[in-house]
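Atoms within each ligand, like the ligands themselves, are counted from 1 in listed order. The analysis underlying the following values was restricted to heavy atoms, covering all of them including side chains, and did not include hydrogens, waters or symmetry mates.
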Amino acid sequence: MNNIDPSKSKLIPYYSHYLSEEEMKLYVQYFSQDLPAAFRVNKHGKSDAFQANMQQLLETYFRSRLEDQTQMEKLPHVPGGYLFIPSRIQLRSNEKLNKIHKFLVVANEGGLVTRQEFVSMLPPLFLNCSKGEKVLDMCAAPGSKTSQLMEQVGMTGLVVANDLELTRCHVLMHGVISQPCPQLIITNLDASKYPKLTVFDKILCDVPCSGDGTLRKAKEIWNKWSNAGSLCLFEIQLKVLIRGLQLLKVGGEICYSTCSLNVIENEAVVKTVLEKFGASIEVIDCSGKFEGIKRADGLRTWDIGGLNGEFYKNYEEIEAVQDETYRKRFNKAMFPTQDAGIQEQLTKSMRFYPWLNNSGGFYVCMIKKVAELPQDDLADSLNANAMNYEKLNENTEFCMNFSKSMPLQPLKKIKKQEVVAALQEKFHFRYFFEEGDLNDILPNCAQRELQDMEATRVYLLNKEAQKILYCSENAYLTYHIVQAGCGGFERHTGIINQDKLSYRVETPMNFLLNNTDFVMHISYKLFLRVVRAGLNGDDESIRFQDQENIEQFGEDIEHLKTMQLHQMYLLKVKSEGLNEEDTIKVKAINELNISSWLGGTSLGFHIKRKQRNALWCLLMNEDIHEIVVSGEAKRKAAYRERRKNDKNGKDAGSKDDKSEQQDVQEEKNE
Ligand SMILES: C[S@@+](CC[C@H](N)C(=O)[O-])C[C@H]1O[C@@H](n2cnc3c(N)ncnc32)[C@H](O)[C@@H]1O
C-alpha cells in the first residue's frame, strides 16, 4: 500500500461513529488486507451435471497446484463458486500461485468461469429467480450479476439489463454475448425514469454508490474518501429504487444493494421508501436463508455525517446551519424515523462487513411489493418523467443522440423471409428452447442490416425479448436498445457456398444443432489432438493426409470421410472405453457445445483461442503459461513481423489483426 496510511484516512473517524471499538479494529485490519480471489463456474445453458463435472475438473486442477489445501474453499450456497484464501495480489506475485492466477484469467476470458468478488454474487443469490421469470437489472454494467440472473431465468425467461453509460453497456454486451442469451435485452437509459416495458417478477437495483466497501481492491479510496459522495448519491439511489418498485409486479421482489457501508446510501434510502409506501412493501426477513453466509443486521437509527467530521442528530440541526449551499447537501429524508415498525424492518436488511466472510463490504435489502403503491409526490413525478420521456422518444428526432453514439446498426425484425426458409431448410431444427417452437421464433429473428439487405448475422431472441424489441416500430430508438438476444446464425461466404443463401450456427447457439443431423462423434484422442493443433500458434485444424494422423486416428478419419464434407457439425466426444477420470472430462466437453468444421481433408474446431488454451491445460493438467506462452509468443512475433513488412498498413483493419493488436496491448499491460 504505497503512500496509503489508513490511520490518516477520514474513513476512520467517520466509521468510528457507527461501529464499536472492536469492530473498528476489524475494519482497519480487514480493509487493509488484499481481497481473496473468487470465481464461479459458468453454467448458463447447461445442466446441473455439467456444473458438477466442471467443478470436479477445476478442483483437481487447482488443488494439485496448492501445497496448503485450506487455501481453496467452496463458497457456501453459490453454485459453482470458489474462494482462494491467498489474496489476488499474492496469487499474482507468488511464483507457484501465479500459475493459478494465469489459468483463472484465461479460463475467465475463455468463458469457463467468471471471476467475481464473493459479495457481488450475493444479490442474485437472494433474488433467486426461477426459470421463465422476467427480471430487470436496473444498473447492470459491467454485468457479472446479469450473467447470474441469466443462468437463473434460463432461456425462456427475460433479463432486461440497463445502464446509463453506453460504453459500459458495450462492456456488458461483450461479456455475455458469447453465451446463448436469447432472453437478454440491453438498454441504455436512466433507471430513475425507466419505461414500463413490461411488469417484472424480480428486479435488481444495484445502484451507483460511493464504493467504500471496495477498499480492499481500490486502495486509493483510503486517501480520497469524503462523505460528499454519499450525500449527493442519496437522491438518485432513492429515485432508482422507487422506479424499481413501480415497475415490479405485486407479489414481486426487489433487491436493493450497494458496495458501500454508508448508512446514507443504505438504510436511509430503504427507510424513505418504507415511509412513503408503508403497507404496500415490506422488507423480507432473510435470516433463515443461506446459513453459513454471515451478515449483521441493518441499522435502526443513525446520525448523519457532514463534511468536516461533524454529525447531525436530526434535520433541525441542519436547518440551524448558516451556510445555505452547505445546508442543501442534506435531505430531510436521510434522517432516521421514530416509527418502531420501520426500524424493526430495517434490521432485516443485511450488512456484509469484510470480517464476517473475509470479503469486501456490501449492503443488501430484499423488499417485497405486497400491494399497489399509494400516491406519492416523488413517485408520481418519476412516473410522469418516464412517460414524457417515452413520448418524446417516440419522435425519433429526440433520440438521434443515442443513434449517433451507437456504433452498431439498430436491430430490426428480419426482412427477407427467404433467409428464414433457408435456415429451416438447411438445419431441420426439431425444437428450440426448452419450450416453444422454432417456427415461431425464426421469422421474428433480428438483423442489423438496413431493411432491404440480406442479414449477414441473424440474431435470435426468445418470445419475451421479441415482445420488447418489436413493441413499436422504433422501439430500439425509443428505449435505446443496445442489444437484443444474441448472434444465432452467420452468413457463410466460403467459396463452396457462394452461390446460395447459406448460414452457419454461431457459437452461442451451437446447442441448437443437438437435435439435428449435424452432430459428429469422435474419439477423445482425436479431440485432444485438434485442441492441441491450435495451441502452437499455427494451423488450428488437422490434415487427414498427414502420415502421423492416418496412423493414429485411422478409424476416426474413415468415419469422418463418410459424412457430408465442407460442413459444420456439433462435436460430441465418445466416452466408451474411457476411465472414470476421462469420462468426467468428456461429459463436461460434450456440454460445452463446441462446433467443428469438417473440410474435404481437414478437421478444426470453432473455439476461442483462450477457451482452447484453458481447456487443454484443464484436461491435461498442464500449466497455462507453459503451453500458451510459446504459441502466443510465436504468433505475436509473426504479427510484429507482418506489421513491419506491411509498410502501407493495408491489413491493419482485419479481424485477426485486431485481436492480435489487443493481445499485444494486453501483453504490454501485464
Ligand atoms: C454498482 S455499478 C453496477 C454493477 C453491476 N450491477 C454489476 O454487478 O456488474 C452501478 C452502475 O450504475 C450505472 N448508473 C449510474 N447512474 C445510473 C442511472 N441513473 N441509471 C442507470 N444506471 C446508472 C453506472 O454506470 C454503473 O455501471
Side-chain angles (χ1 to χ4, degrees), residues 38-40 42 78 81 108 114-127 129 135-152 159-176 179 184-195 197 200 202-215 217-218 221 229-230 232-247 254-262 265-266 269 352 359-365 378 381-382 385-386 389 402 405 479-482:
F39 74 91
R40 55 184 178 80
N42 282 344
V78 178
N108 181 73
T114 298
R115 290 199 295 159
Q116 186 181 3
E117 192 188 335
F118 169 58
V119 276
S120 152
M121 300 176 191
L122 294 178
L125 204 64
F126 282 99
L127 213 45
C129 306
V135 191
L136 172 63
D137 189 352
M138 301 186 85
C139 308
S144 49
K145 299 182 190 82
T146 309
S147 76
Q148 281 177 280
L149 296 174
M150 280 171 18
E151 282 183 15
Q152 291 179 356
V159 174
V160 179
N162 172 70
D163 203 275
L164 181 64
E165 283 193 38
L166 186 56
T167 45
R168 289 175 69 86
C169 287
H170 283 119
V171 173
L172 194 160
M173 181 170 93
H174 291 297
V176 292
Q179 302 173 31
L184 179 70
I185 298 270
I186 301 177
T187 61
N188 168 226
L189 294 168
D190 179 349
S192 71
K193 35 180 146 161
Y194 204 79
L197 289 179
F200 292 97
K202 301 263 169 76
I203 293 183
L204 175 58
C205 187
D206 189 37
V207 290
C209 70
S210 64
D212 63 35
T214 64
L215 265 174
K217 282 190 299 188
I221 296 176
S230 302
C232 65
L233 281 162
F234 173 82
E235 197 176 319
I236 186 67
Q237 291 166 335
L238 177 63
K239 283 181 177 172
V240 175
L241 178 56
I242 292 179
R243 190 65 192 144
L245 286 166
Q246 289 176 326
L247 299 172
I254 190 166
C255 175
Y256 177 81
S257 59
T258 72
C259 51
S260 166
L261 292 173
N262 200 325
E265 302 179 53
N266 298 324
V269 175
F352 296 91
S359 65
F362 219 77
Y363 176 82
V364 176
C365 182
L378 179 54
S381 78
L382 290 176
N385 276 346
Y389 178 83
F402 168 70
S405 47
Y479 303 118
H480 292 197
I481 294 176
V482 178

message: Within the structure, is a non-hydrogen atom of T146 found at a distance of less than 4.0 Å from ligand 1?
response: no
- line: Quick note on ligand 1: atoms under 4.0 Å from a heavy atom of M138 include exactly 21 (C)
query: Parallel under 30°, tilted from 30 to 60°, perpendicular over 60°: which one fits the rings of Y363 and Y256?
result: perpendicular
statement: To the nearest 0.5 Å, atom OG of S147 lies from atom CD of Q179 at 5.5 Å
query: How far is atom 6 (N) of ligand 1 from its nearest protein heavy atom, and which residue and atom name does that atom have?
result: D206 OD2, 2.7 Å
- prompt: What protein heavy atom is closest to atom 1 (C) of ligand 1, reported as residue, atom name and distance in Å?
  reply: V207 O, 3.6 Å
statement: So for R168 against ligand 1, with non-hydrogen atoms under 4.0 Å, the contacting part is side chain
- prompt: With a 4.5 Å limit on heavy-atom distance, are the side chains of L238 and L378 in contact?
  reply: yes
- line: Closest non-hydrogen atoms of L382 and R243, given as atom of the first, atom of the second and distance, are CD1-N, 4.2 Å
query: At a 4.0 Å cut-off, with the gap strictly under it, does some heavy atom of L172 reach an atom of ligand 1?
result: no
statement: If we number the atoms of ligand 1 from 1 as shown, the ones under 4.0 Å from a heavy atom of K145 are 6 (N), 7 (C), 8 (O)
message: Would you say that C139 contacts P208 through its side chain, given a criterion of any heavy-atom pair below 4.5 Å between the two side chains?
response: yes
- prompt: Taking only residues two or more places apart in sequence, or in another chain, which ones meet S359 in a side-chain contact (heavy atoms from CB on, under 4.5 Å)?
  reply: F118, V119, N357
- request: Give a yes/no verdict on whether any heavy atom in G143 is under 4.0 Å from an atom of ligand 1.
  value: yes
message: With a 4.5 Å cut-off on side-chain heavy atoms, are K145 and Q148 touching?
response: yes
task: Enter the distance from L149:CG to D137:CG here, rounded to the nearest 0.5 Å.
output: 5.5 Å
field: Worked check of side-chain contact (heavy atoms from CB on, under 4.5 Å) between L204 and S257
entry: CA-CA 8 Å; L204 175 58; S257 59; 4.2 Å; yes
field: Min N/O separation S192 to ligand 1 under 3.5 Å
entry: no
field: Region of L189 that comes within reach of ligand 1 [heavy atoms, distance under 4.0 Å]
entry: backbone
statement: Rounding to 0.5 Å, atoms CZ (F200) and CD (Q246) come to a distance of 13.5 Å
field: Heavy atom of the protein closest to atom 4 (C) of ligand 1 (residue, atom name, distance)
entry: A141 O, 3.1 Å
- prompt: Would K239 count as a contact of ligand 1 if the rule is a heavy atom under 4.0 Å away?
  reply: no
message: Under a 3.5 Å distance rule, please check whether T258 uses its side chain to pair with a backbone N or O of S260 as donor and acceptor.
response: yes
- prompt: Is there a nitrogen or oxygen of A191 sitting under 3.5 Å from a nitrogen or oxygen of ligand 1?
  reply: yes
- request: Examine ligand 1 and decide if any of its atoms is less than 4.0 Å from a heavy atom belonging to S144.
  value: yes
query: Which residue owns the protein heavy atom closest to atom 23 (C) of ligand 1, what's the atom, and how far is it?
result: L164 CB, 3.5 Å
message: Using a 4.0 Å heavy-atom cut-off, which part of S120 comes near ligand 1: side chain, backbone, both, or neither?
response: neither
message: Heavy-atom distances under 4.0 Å decide this one: backbone, side chain, both or neither, for N162 against ligand 1?
response: side chain
message: So, taking the atom named CG in D206 and the one named CG in L127, what distance separates them when rounded to the nearest 0.5 Å?
response: 11.0 Å
query: Can you find a non-hydrogen atom of P142 under 4.0 Å from ligand 1?
result: yes
- prompt: Hey, does C139 come in under 3.5 Å of ligand 1, counting only N/O atoms on both sides?
  reply: yes
- request: First locate atom OG1 of T187, then atom CG of L197, and finally report the distance between them rounded to the nearest 0.5 Å.
  value: 7.0 Å
- request: Closest by any non-hydrogen atom to atom 19 (N) of ligand 1: pick that one out of D190, T214, N188.
  value: D190
message: Restricting to non-hydrogen atoms, name the atom on S405 and the atom on L166 that form the minimum distance, rounded to 0.1 Å.
response: O-CD2, 3.4 Å
task: Can you pull out the closest protein heavy atom to atom 11 (C) of ligand 1? Residue, atom name and distance to 0.1 Å, please.
output: D163 OD2, 3.5 Å
message: For atom 15 (C) of ligand 1, what's the nearest protein heavy-atom neighbour? Residue, atom name and distance, please.
response: P208 CG, 3.4 Å
query: Can you find an N/O atom of D137 closer than 3.5 Å to an N/O atom of ligand 1?
result: no
